[in-house]
Engineer: 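Please find one structure pasted underneath; my questions will follow.
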Amino acid sequence: MNLEGLKIAFLGDSITEGVGTSSSDKIYHSVLCREAKLSEAINYGISATRFSRQSIAPQTPDEISLDRNAFVERFGTMRDDVDAVVVFGGTNDFGHGNAPLGTFADRAVDTFYGACHCLFSGLIKKYLGKPIVIMTPLHRTDEIKLAENGEVAFDRSLKEYVNIIREVSEYYSLPVLDLYASSGMQPAIKEIQDTYIPDGLHPNDKGNAVIARKLRIFLEAL
């Protein structure tokens, strides 16, 4: 795919919003826009947001806002006049979501499986015939969560969420850039964390440059 002159929408969480970078021009999609000569990179990144809605009713205004801004709730408000869409999320569903994983048969937005189905099928219908690319979460320093104080109803690992994203993407025949498997950034190695992901979650300018480079190669190969 020739990227020059294209308008691409980026649906995501804090990483897409730009948390961890020194300025907005260092975010991965801004780097891609500049280096691949896109006409526009439209940033739909909102910090702390998830694919799925909570399974337990939110109790605070902040929780309510997060639910309203879940990917599955807000993709419909995205602009129609784009040439492609990139979805980059899932780490917050693992990190602080309470929606259960569910099963592949689910089509409800309050399980992770169901949210993936609703989001991916909804994007296909909204942007019929246009490329939709899914990026898996990056590695992070805390990749296994155990139930604590009733806050999380189940034990889980980030890898489970990555596998579900891959599985549902394959079902809809959507191309997946598997950053979990191939970004080269594993913050369990101190030197990698210090260089690319200082807080263990959000890539810095150098980490975003890695994502931009890998995404450009991936998109150009479509």
Side-chain angles (χ1 to χ4, degrees), residues 1-21 23-53 65-93 107 109 114-138 165-166 168-179 202-203 205 208-222:
M1 181 166 64
N2 181 11
L3 302 180
E4 186 172 352
L6 297 187
K7 289 181 286 188
I8 301 181
F10 296 84
L11 177 62
D13 49 39
S14 56
I15 297 175
T16 297
E17 186 180 51
V19 174
T21 60
S23 60
S24 61
D25 65 319
K26 301 297 186 181
I27 307 171
Y28 71 90
H29 47 74
S30 297
V31 176
L32 176 68
C33 185
R34 183 168 59 254
E35 295 185 351
K37 299 180 180 178
L38 304 180
S39 67
E40 194 173 2
I42 307 161
N43 186 348
Y44 288 105
I46 299 179
S47 288
T49 56
R50 304 170 289 256
F51 272 59
S52 57
R53 282 200 322 224
S65 179
L66 283 180
D67 257 14
R68 288 175 178 165
N69 284 319
F71 292 15
V72 74
E73 299 288 357
R74 62 185 166 95
F75 77 87
T77 67
M78 293 165 57
R79 282 169 45 179
D80 295 326
D81 64 330
V82 301
D83 301 297
V85 175
V86 174
V87 179
F88 185 20
T91 195
N92 291 329
D93 293 84
R107 297 298 186 271
V109 298
C116 286
H117 275 290
C118 293
L119 176 64
F120 297 167
S121 64
L123 286 170
I124 290 169
K125 294 171 186 176
K126 181 176 174 65
Y127 298 106
L128 193 61
K130 297 178 180 179
I132 298 166
V133 170
I134 313 300
M135 299 202 297
T136 64
L138 296 164
I165 290 171
R166 293 172 179 153
V168 181
S169 296
E170 180 180 296
Y171 175 77
Y172 291 105
S173 196
L174 295 178
V176 176
L177 173 54
D178 195 345
L179 295 176
H202 302 95
D205 294 353
N208 273 264
V210 170
I211 296 171
R213 181 172 67 252
K214 290 185 174 293
L215 180 56
R216 180 178 180 178
I217 292 169
F218 189 85
L219 290 172
E220 288 179 337
L222 293 179

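Only heavy atoms go into these numbers, but all of them, side chains included; no hydrogens, no water, no symmetry mates. Every value quoted in this text rests on a predicted model; they were computed, and no experiment measured them.
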Engineer: With Arg50, which of Thr91, Asp67, Asn69 fulfils side chain to side chain donor-acceptor pair (under 3.5 Å)?
Structural biologist: Asp67
Engineer: Run the side chain to side chain donor-acceptor pair (under 3.5 Å) test against Glu35 and tell me which residues pass, sequence neighbours left out.
Structural biologist: none
Engineer: Can you find a pair of side-chain heavy atoms, one from Ile211 and one from Phe88, that are under 4.5 Å apart?
Structural biologist: yes
Engineer: Are Tyr171 and Phe120, when compared by the centres of their aromatic rings, separated by less than 6.0 Å?
Structural biologist: no
Engineer: Which heavy atom of Gly5 sits nearest to which heavy atom of Ser39, and what is that distance?
Structural biologist: O-OG, 3.0 Å
Engineer: Please report the shortest heavy-atom distance between Ser169 and Val176, naming the atom on each side.
Structural biologist: CB-CG2, 3.3 Å
Engineer: Let me see the working for Asn208 and Lys26 under side-chain contact (heavy atoms from CB on, under 4.5 Å), right down to the final yes or no.
Structural biologist: CA-CA 7 Å; Asn208 273 264; Lys26 301 297 186 181; 5.7 Å; no
Engineer: Testing Leu6, Asn2, Leu3, Leu177 for side chain to side chain contact (heavy atoms under 4.5 Å, CB included) with Leu219, which one passes?
Structural biologist: Leu3
Engineer: Got a donor-acceptor contact below 3.5 angstrom from the Arg166 side chain to the Thr136 backbone?
Structural biologist: no
Engineer: I'd like to check Phe10 versus Leu215 (side-chain heavy atoms, cut-off strictly below 4.5 Å). Are they in contact?
Structural biologist: yes
Engineer: In Å and rounded to the nearest 0.5 Å, what is the CG to OG distance from Asn92 to Ser47?
Structural biologist: 8.5 Å
Engineer: So do the side chains of Val210 and Pro203 get within less than 4.5 Å of each other, counting heavy atoms only?
Structural biologist: no
Engineer: In Å, rounded to the nearest 0.5 Å, how long is the span from CG of Asp178 to NZ of Lys214?
Structural biologist: 11.0 Å
Engineer: Nearest 0.5 Å please: distance from the CZ atom of Phe218 over to the CG atom of Leu179.
Structural biologist: 9.5 Å
Engineer: Take a 6.0 Å sphere around CD of Glu170 and say whether it holds more than 12 heavy atoms from other residues, nucleotides or ligands.
Structural biologist: no
Engineer: Is it true that His202 and Ser14 share a donor-acceptor pair across their side chains at a distance under 3.5 Å?
Structural biologist: yes
Engineer: Taking 4.0 angstrom as the limit, do Lys126 and Asp80 come out as a salt bridge?
Structural biologist: yes
Engineer: Can you tell me how far CD1 of Ile15 sits from CE of Met135, rounded to the nearest 0.5 angstrom?
Structural biologist: 8.5 Å
Engineer: Side chains of His29 and Val86, heavy atoms from C-beta outward: is any pair under 4.5 Å?
Structural biologist: no
Engineer: What residues form a side chain to side chain donor-acceptor pair (under 3.5 Å) with Lys7, not counting sequence neighbours?
Structural biologist: Asp81
Engineer: Decide yes or no for Ile8 and Asp83: does some side-chain heavy atom of the first lie under 4.5 Å from some side-chain heavy atom of the second?
Structural biologist: no
Engineer: Measuring only between side-chain heavy atoms, which start at C-beta, is Ile124 closer than 4.5 Å to Leu174?
Structural biologist: yes
Engineer: Which of these passes side chain to side chain donor-acceptor pair (under 3.5 Å) with Thr49: Arg68, Arg74, Glu17?
Structural biologist: Arg74
Engineer: With sequence neighbours left out, write down each residue that passes side chain to side chain donor-acceptor pair (under 3.5 Å) with Arg107, or none if nothing qualifies.
Structural biologist: His117
Engineer: Hey, what do you get for CD1 (Ile132) to OH (Tyr172), rounding to the nearest 0.5 Å?
Structural biologist: 11.5 Å
Engineer: Using modelled atom types and a 3.5 Å cut-off, is there a donor and acceptor pairing between side-chain atoms of Thr21 and backbone atoms of Ile27?
Structural biologist: no
Engineer: Do you know the tightest heavy-atom contact between Ala70 and Ser52?
Structural biologist: CB-O, 3.7 Å
Engineer: Between atom CG of Leu11 and atom CE of Met78, what is the distance when rounded to the nearest 0.5 Å?
Structural biologist: 5.0 Å
Engineer: Ignoring hydrogens, what is the shortest heavy-atom contact between Gly89 and Asp13? Give both atom names and the distance.
Structural biologist: CA-OD2, 3.7 Å
Engineer: Could you report the tightest heavy-atom contact between Leu119 and Phe71, atom names first, then the distance?
Structural biologist: CD1-O, 3.8 Å
Engineer: Is any side-chain heavy atom of Phe51 less than 4.5 Å from a side-chain heavy atom of Ile165?
Structural biologist: yes
